[in-house]
Enquirer: 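Right, I'll just put the structure down here and ask away after.
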Amino acid sequence: MFDRIAILDWSAAGTPKTGKDSIWLAIADGSGVRSENIPTRMQAEARLNALMAEGDRLLIGVDFSLSLPAAALERLGVDAAGLWRHLATNHTDTAKNLSNYRNVAAELNQRFEDDGLFWGNGAKADTPHLPRTKPTSALPEWRACEEVAQSNGLSPKSCWQLAGAGAVGAQSLTGMPMVHRLRERGATVWPLDPISRVTIAEVYPSILSAEVRAHLSRHPDMVPDQAQVELLAQALWVLNAGGTLPPLFDVEPTQEGHILGLNHELSLRAAVPSAILPPRLRNDCFAMPQGVNWVPVDAALDKLKQALHPIKGVGTINSHKAQGRILAADAVARRSNPPRPNSAVDGYGFAYEATGDYPQKLPLLRGRAAAGQPFDGAVPHGAAVRILTGAILPDGVDTVVLEEDCALDGASVVFDGPVKPRANTRKAGEDVEAGQTAIHAGQILRAPDIALLSALGIAEVQVYEPLRVGVLSTGDEIIARPDMDALPHQIFDANRPMLLSLLNGWGYEPVDLGHCKDDPKLIERTLDRANVDVILTSGGASAGDEDHVSHLLRTKGTLSSWRIALKPGRPLALAMWDGTPVFGLPGNPVAALVCALVFARPALSLMAGSGWAEPVGFTVPAAFEKRKKAGRREYLRARLNDQGMAEVFKSEGSGRISGLSWADGLVELPDEAAEITNGTPVKYIPYAMLGLR
Ligand code: AMP
Ligand code: MG
């Protein structure tokens with residue numbers, strides 16, 4: 001339909017302005033999206049004129065309302081085009097952004113009987129006939145499209161409101177005159193006019209607010225307005241390029257106008273994610289200064305933390321189905337919890353002001369307030385009403401007395417004063433208020449999080465796509481499955497099933513890449529075919545003759561062998577294989593597990609979007625004795641005895657898989673020398689804290 005899509009975020013600022021809340025214009029076409037920050041309305045209009053003159057088929061989306069509620073147009077005696085002409089005639093603006101829109105609004109207000117409809121004067125000086133606060137008016141506040149938006153869960157602002165956060169009125173009064181002039185030059189205005197070479201439509205960027213938040217969490221330096229116009233321009237472009245834009249334009253033309261994308265919110269939102277795919281990891285991201293020295297564990301972890309970032313795209317998901325998924329954008333409450341003040345107990349409700357210090361006797365009204373069944377009517381001062389837990393406080397009630405503390409005397413309720421004001425009630429929003437961030441991006445969603453999302457009316461959340469992690473075992477001696485026949489020199493593959501189940505417990509998508517003999521060609525082909533985000537290999541990771549994995553990664557990928565001062569653990573091979581990070585873990589199962597827990601776990605967590613995962617341990621007295629030299633960190637297979645002391649497995653032999661299974665966690669001994677005797681405090685990290693399930 002269009003060759004280019006321009007989205008304009010307008011501003012009624014009174015001085016030239018850039019940055020937040022100024023004019024942003026994003027232009028999307030087949031070559032991507034670019035945005036411009038334009039200081040004044042006059043410059044923006046000139047820019048649109050220039051764009052129009054370039055000859056492309058152009059859609060211009062503007063974020064201000066292009067008309068007024070029908071009843072208001074009727075009262076003014078104009079149709080939409082008449083309103084635009086009127087505004088273009090009466091509105092003046094300057095190169096310094098000095099607009100007379102308040103006078104224009106005041107003049108229109110005088111044509112209504114009461115105090116008119118435009119309100120909200122943000123200026124110091126009063127403007128006669130322009131109230132500062134919202135008047136009580138008989139004319140409707142909303143256009144039909146805004147009512148649709150509201151029932152679709154959006155919160156449009158009234159076109160009558162000129163000032164205040166997110167107010168759109170002043171933008172409409174300063175924008176519609178420009179629309180009139182663009183129309184004079186041949187543009188058409190949807191849905192009143194037919195679609196033409198240059199079509200102007202009203203848009204509502206907040207449809208993409210969740211996607212914008214996700215985008216901003218990965219581009220913290222970006223101005224929200226800029227992210228908003230860029231994502232909307234891109235999403236519309238994606239639909240346009242895919243031929244699925246026309247349904248969005250298919251509405252009844254009315255003088256009130258319409259919002260493009262309304263009732264197509266999901267297809268618009270779905271068109272965004274491809275545009276916000278994260279940057280790829282750099283090929284040299286694992287580079288470590290090579291040297292003779294062993295790298296301390298913490299230095300290696302710091303290096304990994306710097307090198308990696310989230311690598312998955314983002315999608316929208318029903319929050320009921322989001323268990324175990326990683327939140328990609330802050331979840332913001334759509335509704336307060338509780339939505340209205342209510343009673344915390346079963347009892348009797350009344351106005352605190354009507355009670356005193358002595359025994360109280362209040363006439364009891366007929367009827368009751370129960371959860372889901374509000375009391376019908378108001379409670380007169382000095383009267384009481386039966387109220388049950390969770391019931392909305394009826395008008396006139398701010399305090400509740402517990403039923404156990406009351407006596408009933410036919411028509412009255414009797415209790416001892418004084419009572420505390422607002423006793424036994426819950427304030428609206430005392431848990432979470434609408435608009436507050438309820439859960440921050442990065443959170444792995446658990447059952448309680450899902451309860452919170454539901455309570456706050458958050459039906460959909462932005463989550464990262466699950467991280468796909470491939471696991472490959474290597475070694476001539478390895479037999480893939482324990483149900484196969486093994487010769488004496490062969491051993492069953494223990495690492496691959498261990499790592500796959502580890503990944504499963506961490507909430508990633510494990511992908512079994514099988515087992516390869518020590519054959520570089522075979523390993524190469526397997527790595528090439530793996531359709532995964534990250535690869536974990538085990539075996540062959542040292543620098544010896546038979547260490548085909550490290551050899552292959554060195555020659556065909558970018559390998560960095562990290563000599564880490566860690567026991568158990570041999571060099572950790574970290575490499576990029578055609579853009580995919582590879583963690584070459586040691587073959588020895590004990591070392592493979594420890595390296596996976598110490599290095600792969602936080603690194604995968606970061607790449608998956610839930611941030612670097614610091615292991616949480618606690619200090620307990622040792623139930624063992626050990627003397628260790630300085631220079632490397634050690635992890636011992638451990639568990640707590642019935643006195644809460646850490647005992648360790650009888651052997652430190654790195655082939656002893658039984659010790660891994662015997663243990664419930666690891667004891668971490670520091671890099672420095674240590675002399676541990678019975679009772680010495682040591683750091684114990686339970687398996688559960690490492691995500692082992
Ligand atoms: P490598 O790192 O290949 O030198 O292997 C070190 C030790 O771990 C050797 O004894 C291997 O047999 C053993 N090993 C390697 N891979 C596995 C595996 N997948 N399962 C069990 N043991 C393994
Ligand atoms: Mg081997």
Side-chain angles (χ1 to χ4, degrees), residues 1-13 22-29 34-68 73 78-95 97 99-101 104 145 159 168-205 225 229 232-233 236-237 240 245 248-249 251 253-261:
M1 283 179 99
F2 298 101
D3 304 307
R4 280 169 143 189
I5 290 172
I7 299 296
L8 183 66
D9 185 340
W10 196 238
S11 162
S22 64
I23 300 176
W24 285 89
L25 177 69
I27 303 167
D29 57 21
R34 299 162 301 289
S35 58
E36 304 165 22
N37 192 191
I38 307 175
T40 69
R41 287 178 291 275
M42 280 193 165
Q43 285 167 301
E45 184 168 341
R47 181 72 182 99
L48 289 180
N49 276 320
L51 266 180
M52 237 177 116
E54 285 174 23
D56 291 338
R57 288 171 301 171
L58 178 66
L59 171 65
I60 303 175
V62 298
D63 75 333
F64 49 83
S65 67
L66 281 174
S67 187
L68 294 173
L73 291 176
V78 290
D79 57 8
L83 174 69
W84 301 330
R85 184 173 314 105
H86 173 85
L87 294 175
T89 314
N90 292 280
H91 176 249
T92 58
D93 209 341
T94 71
N97 256 3
S99 151
N100 70 341
Y101 73 81
V104 173
C145 56
C159 49
V168 70
Q171 301 193 24
S172 296
L173 290 176
T174 53
M176 284 191 268
M178 168 180 72
V179 166
H180 175 80
R181 291 186 290 272
L182 293 172
R183 192 164 177 261
E184 297 271 276
R185 296 162 138 266
T188 56
V189 180
W190 174 83
L192 285 170
D193 303 326
I195 307 269
S196 69
R197 187 181 68 78
V198 178
T199 304
I200 301 172
E202 182 179 337
V203 294
Y204 187 52
D225 316 57
V229 289
L232 183 56
L236 286 168
W237 176 261
N240 179 61
L245 194 53
L248 275 64
F249 286 99
V251 303
T254 74
Q255 293 300 321
E256 291 189 331
H258 200 74
I259 297 169
L260 185 66

Enquirer: Decide side chain to side chain contact (heavy atoms under 4.5 Å, CB included) for L83 and M176; before the verdict, give the C-alpha distance in whole Å, the side-chain angles of both, and the deciding distance to 0.1 Å.
Expert: CA-CA 8 Å; L83 174 69; M176 284 191 268; 3.9 Å; yes
Enquirer: Can N49 and L182 be said to form a side chain to side chain contact (heavy atoms under 4.5 Å, CB included), step by step?
Expert: CA-CA 7 Å; N49 276 320; L182 293 172; 3.5 Å; yes
Enquirer: Sub-3.5 Å donor-acceptor pair from the side chain of S67 to the main-chain atoms of A80, do we have one?
Expert: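 Flag not set: sc S67 to bb A80 has no pair under 3.5 Å.
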Enquirer: Going by heavy atoms in the side chains, are V189 and L66 under 4.5 Å from each other?
Expert: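 Contact flag for V189/L66 side chains = yes.
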Enquirer: For residues P194 and T188, report the shortest heavy-atom separation together with the two atoms involved.
Expert: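 Closest pair (atom of P194, atom of T188, distance): O-OG1, 2.8 Å.
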Enquirer: Hey, mind stepping through L173 and F64 against side chain to side chain contact (heavy atoms under 4.5 Å, CB included) and telling me if it holds?
Expert: CA-CA 9 Å; L173 290 176; F64 49 83; over 6 Å; no
Enquirer: Side chains of V168 and Y204: closer than 4.5 Å at any heavy-atom pair?
Expert: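 They are not in side-chain contact.
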Enquirer: Without swapping roles, check the side chain of D29 against the backbone of I5 for a donor-acceptor pair under 3.5 Å.
Expert: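 No, D29 side chain to I5 backbone: no donor-acceptor pair under 3.5 Å.
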Enquirer: Identify the residue among V62, I200, V203, D63 that makes a side chain to side chain contact (heavy atoms under 4.5 Å, CB included) with L8.
Expert: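 Going through V62, I200, V203, D63 one by one, the side chain to side chain contact (heavy atoms under 4.5 Å, CB included) with L8 is satisfied by V62 alone.
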Enquirer: Determine yes or no for a side-chain-to-main-chain donor-acceptor pair under 3.5 angstrom, with R4 supplying the side chain and A28 the backbone.
Expert: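 No; zero donor-acceptor contacts below 3.5 Å.
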Enquirer: Would you mind checking if R197 and D56 are paired as a salt bridge, meaning a charged N to carboxylate O distance below 4.0 Å?
Expert: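 Salt bridge flag = no for R197 with D56.
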Enquirer: Enter the distance from E202:CD to S172:OG here, rounded to the nearest 0.5 Å.
Expert: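 Result: 7.0 Å between the selected atoms.
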Enquirer: Check the angle between the aromatic planes of W190 and F249 and answer parallel, tilted or perpendicular using the 30° and 60° thresholds.
Expert: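 W190 vs F249 ring planes: perpendicular.
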Enquirer: Run the side-chain contact (heavy atoms from CB on, under 4.5 Å) test against A13 and tell me which residues pass, sequence neighbours left out.
Expert: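 Applying side-chain contact (heavy atoms from CB on, under 4.5 Å) to A13 gives S11, K17, N97.
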Enquirer: Would you find a donor on one side and an acceptor on the other, under 3.5 Å apart, between the side chain of N37 and the backbone of W24?
Expert: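 Judged by distance alone, no pair lies under 3.5 Å.
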Enquirer: Of all the heavy-atom pairs spanning G186 and S196, show the shortest one and how long it is.
Expert: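 Residues G186 and S196, closest heavy atoms: O-OG, 4.2 Å.
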Enquirer: Between L236 and L245, is there a side-chain heavy-atom distance shorter than 4.5 Å?
Expert: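 Result yes, sub-4.5 Å side-chain heavy-atom pair found.
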Enquirer: Taking the side chain as every heavy atom from C-beta outward, state whether I27 and R47 have any atom pair closer than 4.5 Å.
Expert: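 In short, these two side chains touch, coming nearer than 4.5 Å.
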Enquirer: How long is the gap from CG on D79 to CG on L192, to the nearest 0.5 Å?
Expert: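 With rounding to 0.5 Å, CG (D79) is 8.0 Å from CG (L192).
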Enquirer: Measure the spacing between CZ of R85 and CG of N90 and express it to the nearest 0.5 Å.
Expert: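 Nearest 0.5 Å value for the CZ-CG distance: 12.0 Å.
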Enquirer: Report yes if the side chains of E45 and D93 come closer than 4.5 Å at any heavy-atom pair, otherwise no.
Expert: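 A side-chain contact is absent here, since even the closest heavy-atom pair is not under 4.5 Å.
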Enquirer: Are L48 and M52 side-chain neighbours, meaning at least one heavy-atom pair lies under 4.5 Å?
Expert: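 No, too far: nothing below the 4.5 Å cut-off.
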Enquirer: Test your reading of the model: is there a side-chain donor-acceptor pair from Q43 to the backbone of T40, 3.5 Å cut-off?
Expert: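 Side chain of Q43 to backbone of T40, a donor-acceptor pair under 3.5 Å: yes, one is there.
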Enquirer: Side chains of H91 and T174: donor-acceptor distance under 3.5 Å anywhere?
Expert: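 No pair is found: no donor N or O on one side chain lies under 3.5 Å from an acceptor on the other.
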Enquirer: Got a donor-acceptor contact below 3.5 angstrom from the E36 side chain to the L25 backbone?
Expert: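 Side chain of E36 to backbone of L25: no pair is present.
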Enquirer: Got T199 and F2 here, is their nearest side-chain heavy-atom distance under 4.5 Å?
Expert: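 A side-chain contact exists here, since the closest heavy-atom pair is under 4.5 Å.
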Enquirer: Taking D193 for its side chain and A187 for its backbone only, find out whether a donor-acceptor pair lies under 3.5 Å.
Expert: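 Side chain of D193 to backbone of A187, a donor-acceptor pair under 3.5 Å: no, none is there.
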Enquirer: Just wondering, are more than 12 heavy atoms of other shown residues or ligands nearer than 6.0 Å to CZ in R185?
Expert: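 Count not over threshold, so no.
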Enquirer: Search all heavy atoms of H258 against all heavy atoms of C145 and return the closest pair with its distance.
Expert: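 The answer is ND1-CB, 3.7 Å.
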Enquirer: Indicate yes or no: at least one non-hydrogen side-chain atom of L260 is less than 4.5 angstrom from one of L59.
Expert: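 Touching, per the 4.5 Å side-chain cut-off.
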Enquirer: Looking only at heavy atoms, which two atoms of D225 and D9 are closest? And how far apart?
Expert: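 Reported closest heavy-atom pair: CB-OD2, 3.3 Å.
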